[in-house]
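Encoded as C-alpha cells, the structure appears first; notes follow it.
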Amino acid sequence: MRVIFMGTPDFAIPVLEALTTKHTVIAVYTQPPRPAGKGYHLTPSPVHQKAASFGIPVYTPISLKNEEEQKKFAALKADVAVVCAYGLILPATVLNTPLKGCINIHASLLPRWRGAAPIQRAIEAGDSESGITIMQMDVGLDTGDMLLKKSCPITAETTGESLHDTLSTMGAELILKALDENMQPQPQPTKGVTYAEKIQKDESLIDWALPADQLAHKIMAFYSYPATYTVYHGERIKILKAHATQLTTDQAVGTILDSNLHIACKNGTVLQIDFLQRAGKKALSTADFMQSDFLKIGDLFCATN
RNA sequence: CGCGGGGUAGAGCAGUUCGGUAGCUUGCCAGGCUCAUAACCUGGAGGUCGUGAGGUUCAAAUCCCACCCCCGCAA
C-alpha cells in the first residue's frame, strides 16, 4: 500500500521502520525542527532524521488546517495514513482524504488514557496493565473505532522509559497486522474513559506530603524523562527511581531517615530512593551516591524551589 | 556563539584559589578479633590526575592554549 506516515518522537521510529518493510511509505509528516540540546541548535525530530536516512520525502507543516497543505496532502494519493504521536490536529478533510482514512497507534487500552501522555499517566495512577490500541481516527480526541488492542503488564519495576520501549515495539507489530488483515472496527466502550493530561513542568517537583506508594508510582512513571526532582539545600536532585516500603516513621515528611535513603512521607509511610542524580553529575545508585557525605541523615528534602 | 557543573585507584570524592613527594571514603586481597544491627583492628594491591612527546617553569593534577567526552537548566 501507499502509506503516509505521520509521527514525531522516538516512540514512532519502530513503527516507521516496520512500515517500510511491508509497504511503500511515500511521505513522512513530522513536526518542524526545533531548538534543542546544548547550543540550542535547530534539531529535526527523530522521525525526521530516520525518514531522511531512508530517503523518504519529509513534510513539516506547522498546521494542516489550511487549504494549501490539505491539497499537498491529497496530491500524494495515499491508500492510508498511519499516525503515531504526531502532535498536530488532523481536520476532518485530512482524515477523509486517504482511501482507508487515517489509522492511529495509541499507547493505552482505550478508552482509558485518551490524550497526550498515556504511558506516564498509566504508571502514575498505579494501573496494573497498559497496552496499545490501533484505531480508525475520527475528529474527536482518540475517540475513533478500535481495530486492534493488545495489553502488557505494569509492575513495580516498570518505568515510563521501559513501558515506552515495550509499547513502541508492540505498536510496530500491531500496525502491520492491522493493515494486512481486514479488521472489523469496534466502537470504544462508553464507560471507563479517562484523559492523560500533558505533563507539566511543575509536576516534576516531588511533594513529600504524599503517601510513599503514590510517590513511587510517579517517580517510576517520570523516569527517565522528564524525571522527578527534589531540593536539598537549594540544589536540585533528580529522584530517578524509588519504591514504597512497609516501614513506618514518626519523622517529618521529607526527612532523610538513614543511609539507605529511606524518606519519610505522608502518614509515616516510607519511600526508599534507589537511583538519583545531582545537577551536573552522573546518575548513581543509592549505594554509590552515599559514598560522598553530601546528604546528611536527619536533614529534610524540600517540596519547594 | 543560550546559561552552568564536571572528567584524579573498581566506585564516590578532596586537592586546583596561592605550582613543590598522589590523598580520603568505600570496594577488593591477606591476617587478626568475635561482633551486632553499613561490625571492628592491622597490613596490602590498585592512579599515563580526559587528550595533546602542546606552552610557561628548576618543578604542573594545579597556571596558559587547543581539542575530546559526560551532565544540570532550557527546549
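We use all heavy atoms of the structure for the numbers below, so side chains are in, but hydrogens, waters and symmetry mates are not. Sequence lines set the chain letters: A, B, ... in the order given, protein chains first and strands last, and positions in each chain run from 1.
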Roughly, in whole Å, what's the span from [atom1] in [X] to [atom2] in [N]?
| X | N | atom1 | atom2 | answer |
| --- | --- | --- | --- | --- |
| A:K38 | B:C70 | NZ | P | 9 Å |
| A:H262 | B:A38 | NE2 | P | 12 Å |
| A:E235 | B:G6 | CD | C1' | 12 Å |
| A:I237 | B:C71 | CD1 | P | 19 Å |
| A:K281 | B:G72 | NZ | P | 13 Å |
| A:R236 | B:C71 | CZ | C1' | 14 Å |
| A:Q291 | B:A14 | CD | P | 13 Å |
| A:I297 | B:U37 | CD1 | C1' | 14 Å |

For a quick test of reading the model: is some side-chain N or O of A:K238 closer than 4.0 Å to OP1 or OP2 of B:G72? yes
Under 4.0 Å: is that the gap between some side-chain N or O of A:K282 and OP1 or OP2 of B:G5?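 Answer is no, no contact under 4.0 Å.
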Given the [atom1] atoms of [N] and [M], what is the spacing between them in whole Å?
| N | M | atom1 | value |
| --- | --- | --- | --- |
| B:G44 | B:G5 | C1' | 36 Å |
| B:G12 | B:A66 | C1' | 30 Å |
| B:G15 | B:C71 | P | 24 Å |
| B:U62 | B:G19 | P | 12 Å |
| B:G10 | B:G6 | P | 22 Å |
| B:A59 | B:C73 | P | 44 Å |
| B:U8 | B:C1 | C1' | 31 Å |
| B:A45 | B:C24 | P | 13 Å |

Considering only NZ, NE, NH1 and NH2 on the basic side and carboxylate oxygens on the acidic side, decide whether A:K71 and A:E68 come within less than 4.0 Å.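 Judged by the 4.0 Å cut-off on N to carboxylate O distance, A:K71 and A:E68 do not form a salt bridge.
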Identify whether the distance between the nearest side-chain nitrogen and carboxylate oxygen of A:R121 and A:E197 falls below 4.0 Å. no
Should we count CG of A:L99 as having more than 12 external heavy atoms under 6.0 Å? yes
Minimum-distance nucleotide (side-chain atoms of A:Q277 versus B:C71, B:A11, B:A75): B:C71
Plane angle bin for A:Y86 and A:Y29 - parallel if under 30°, tilted between 30 and 60°, otherwise perpendicular: perpendicular
State the pairing partner of [N]; accept Watson-Crick or G-U wobble contacts with both distances under 3.5 Å, and report none otherwise.
| N | answer |
| --- | --- |
| B:G72 | B:C3 |
| B:U42 | B:A30 |
| B:U17 | none |
| B:A53 | none |
| B:C24 | B:G12 |

I'd like to know if A:Y223 and A:L167 are part of one continuous hydrophobic network [Ile/Leu/Val/Met/Phe/Trp/Tyr, side-chain heavy atoms within less than 4.5 Å].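 Different hydrophobic clusters.
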Please test A:R112 against A:D127 for salt bridge (Lys or Arg N to Asp or Glu O under 4.0 Å), starting from the C-alpha separation and ending with a verdict. CA-CA 10 Å; A:R112 191 165 173 75; A:D127 288 9; 2.8 Å; yes
At 4.0 Å (heavy atoms only), tell me whether A:S292 reaches a base, stays on the sugar-phosphate, or touches nothing. sugar-phosphate
Let me spell it out: for each of A:F289 and A:Y225, pick the nucleotide of RNA chain B with the closest heavy atom. Which residue's pick is nearer the 5' end? A:F289
